[in-house]
Undergrad: 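So that we are looking at the same thing, I have put the structure below in structure tokens.
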2 protein chains.
Amino acid sequence: MAEVRSVDTRERILDAAERLFMAHGYDGTSMRHITGEAGVNLAAVNYHFGSKESLMQEVFRRRLDWLNDERMRVLDALEAEAGDQAVKPSAIVDAFFGTLLRMADDETRGGMTFLRLLGRTLTEPSEFIRAFLAHEYKAVMDRYKEALFRALPEVPKAEIVWRFHFMLGATSYAIAGTDALRLVTDWQIEDEDSTDRLDRLVPRLMSFLLGGLRAPLPQFADAAGAG
Amino acid sequence: MAEVRSVDTRERILDAAERLFMAHGYDGTSMRHITGEAGVNLAAVNYHFGSKESLMQEVFRRRLDWLNDERMRVLDALEAEAGDQAVKPSAIVDAFFGTLLRMADDETRGGMTFLRLLGRTLTEPSEFIRAFLAHEYKAVMDRYKEALFRALPEVPKAEIVWRFHFMLGATSYAIAGTDALRLVTDWQIEDEDSTDRLDRLVPRLMSFLLGGLRAPLPQFADAAGAG
DNA sequence: AAATGATTCATACGTTCGTTTGAATCATAG
DNA sequence: CTATGATTCAAACGAACGTATGAATCATTT
């Protein structure tokens with residue numbers, strides 16, 4: 001079996017696809033863009049991956065398998081360390097979002113490119129992508145939800161689930177828009193260079209997420225409670 | 001001038017485009033989908049709007065003109081009411097995000113469809129869309145940033161800008177994913193029906209946003225301050 | 001009623017899309 | 001060296017894309 005060439009080609013395709021899907025979206029990226037940038041023949045994608053959809057799935061699987069395994073490992077370690085005590089909310093949030101954000105510095109795992117792709121894709125419309133991500137994420141999301149339920153027993157579960165949702169949004173947006181949103185907001189932060197910005201994004205975002213997670217419970221207009 | 005027909009056709013196209021762009025994205029929606037769903041001739045889009053890009057811009061302009069004017073009006077009123085006092089952060093946040101979220105109940109202004117379109121588009125890759133939104137949003141963003149600077153004089157401006165960014169993300173995600181993210185997280189909140197969920201989204205999100213905005217400032221690993 | 005300008009219509013243009021095909025080329029095994 | 005299976009290649013497929021065209025139809029004015 002001559003796997004040397006094919007592995008090279010596969011990875012070149014995956015790298016190019018990751019970058020182009022991030023920059024132009026799924027529908028905005030053609031197979032000819034991908035194969036052109038990867039320096040391989042047009043037919044190589046269908047030969048190695050079967051279809052464009054399968055390629056997209058493989059782009060995510062390559063990174064998410066490690067990320068979600070790592071998230072599980074970190075949470076395992078936290079719970080083992082805590083014994084019969086509850087794990088602190090800040091540790092849970094860091095295990096989920098911090099583990100994600102620290103991928104930005106690891107180019108062997110996609111770095112910022114993959115993070116921004118993931119951030120954008122979570123709000124992308126394509127049905128098959130959402131279905132695929134739902135499947136990939138289900139187990140780890142359930143684990144973390146349960147951990148937060150135990151860590152915050154006084155907060156209604158529905159509220160925790162919503163706030164997890166909000167945290168996901170703030171994070172994915174912060175990642176996806178690290179360059180893009182500069183356009184929308186057009187702010188200038190004069191005293192920080194770009195490397196600075198990334199280093200400080202994690203503590204900044206963590207403060208925000210924890211502040212939101214532990215905010216006072218909302219008061220609803222009607223009488224009923226939240227669960 | 002026979003404007004009756006053209007106005008009807010224009011609005012039918014805009015309504016269909018708004019819905020389809022929301023559901024399938026810009027690149028994922030064809031002119032034939034739009035004109036088919038609107039029940040008009042294929043050439044009508046180019047006749048009335050010139051191009052697909054111009055149509056997209058008009059879809060947004062139709063809603064954003066009102067939204068951002070309204071945001072300006074509300075902030076004007078708040079500042080007039082406060083006199084030389086500072087406007088409360090919670091009032092500013094409500095003026096910006098609450099005004100947006102309350103569009104969900106106003107079908108004459110696009111309702112949830114437009115909100116979800118906007119939420120998704122803020123992370124979409126197409127260059128011309130981001131450039132257009134940047135232009136449409138610039139004035140109102142500057143006004144609100146300044147208002148938050150005055151409301152939170154003890155918080156570094158860079159930190160406020162970042163947290164505004166995070167709030168935008170949480171909000172746009174909460175909107176865009178009101179249905180979609182159910183797939184990813186697969187949570188079930190048994191005791192709330194869907195109308196309930198929308199009514200309670202606003203106070204829930206507001207609590208989260210304010211908690212994040214007023215969270216303790218992050219501690220950076222190195223010595224330098226944040227601005 | 002005739003004329004005019006706005007709008008709608010069917011149809012076609014050239015391009016690009018994802019995918020397929022079958023031959024050519026490669027690396028390895030017998 | 002030859003056979004074999006894996007991979008690469010150029011080329012083409014039909015379908016769908018955004019856009020343009022010119023005739024037909026409509027509403028309005030003279």
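Reminder, nothing fancy here: chain letters follow the sequence lines and each chain counts from 1.
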Undergrad: On DNA chain D, nearest-nucleotide positions of A:G39 versus B:G28: which is more 5'?
TA: A:G39

Undergrad: Scan residues 21-32 of chain B for pairs that pass salt bridge (Lys or Arg N to Asp or Glu O under 4.0 Å), counting only residues two or more places apart or in two chains.
TA: none

Undergrad: List the residues meeting side-chain contact (heavy atoms from CB on, under 4.5 Å) with A:E18, not counting sequence neighbours, and say none if there are none.
TA: A:V59, A:R62, A:R63, A:T113, A:F114, A:L117

Undergrad: Which residue pairs pass the salt bridge (Lys or Arg N to Asp or Glu O under 4.0 Å) test with at least one member in residues 36-52 of chain B, sequence neighbours excluded?
TA: B:R19-B:E37

Undergrad: Return the value, rounded to whole Å, for the distance between atom CG of A:D8 and atom C1' of C:dC26.
TA: 14 Å

Undergrad: Classify every nucleotide of nucleotides 17-24 of chain C by which part a protein heavy atom approaches to under 4.0 Å, writing B for the base, S for the sugar-phosphate alone and - for neither, in 5'-to-3' order.
TA: BBBBB---

Undergrad: For residues 92-104 of chain B, which residue pairs pass the salt bridge (Lys or Arg N to Asp or Glu O under 4.0 Å) check, not counting sequence neighbours?
TA: B:D94-B:R102

Undergrad: D:dT7 phosphate, OP1 or OP2: any side-chain N/O from A:T9 under 4.0 angstrom?
TA: no

Undergrad: What integer distance in Å separates A:I34:CD1 from C:dT16:C1'?
TA: 14 Å

Undergrad: Rounded to the Å, how far apart are B:R12 CZ and C:dT8 P?
TA: 10 Å

Undergrad: Return the value, rounded to whole Å, for the distance between atom CZ of B:R10 and atom P of C:dA6.
TA: 15 Å

Undergrad: Using a strict cut-off of less than 4.0 Å between a Lys/Arg side-chain nitrogen and an Asp/Glu carboxylate oxygen, indicate whether B:R12 and B:D15 qualify as a salt bridge.
TA: no

Undergrad: Which residues pass the side-chain contact (heavy atoms from CB on, under 4.5 Å) test with B:E107, sequence neighbours left out?
TA: none

Undergrad: What is the distance, rounded to the nearest whole Å, between atom NE2 of A:H24 and atom C1' of C:dT16?
TA: 16 Å

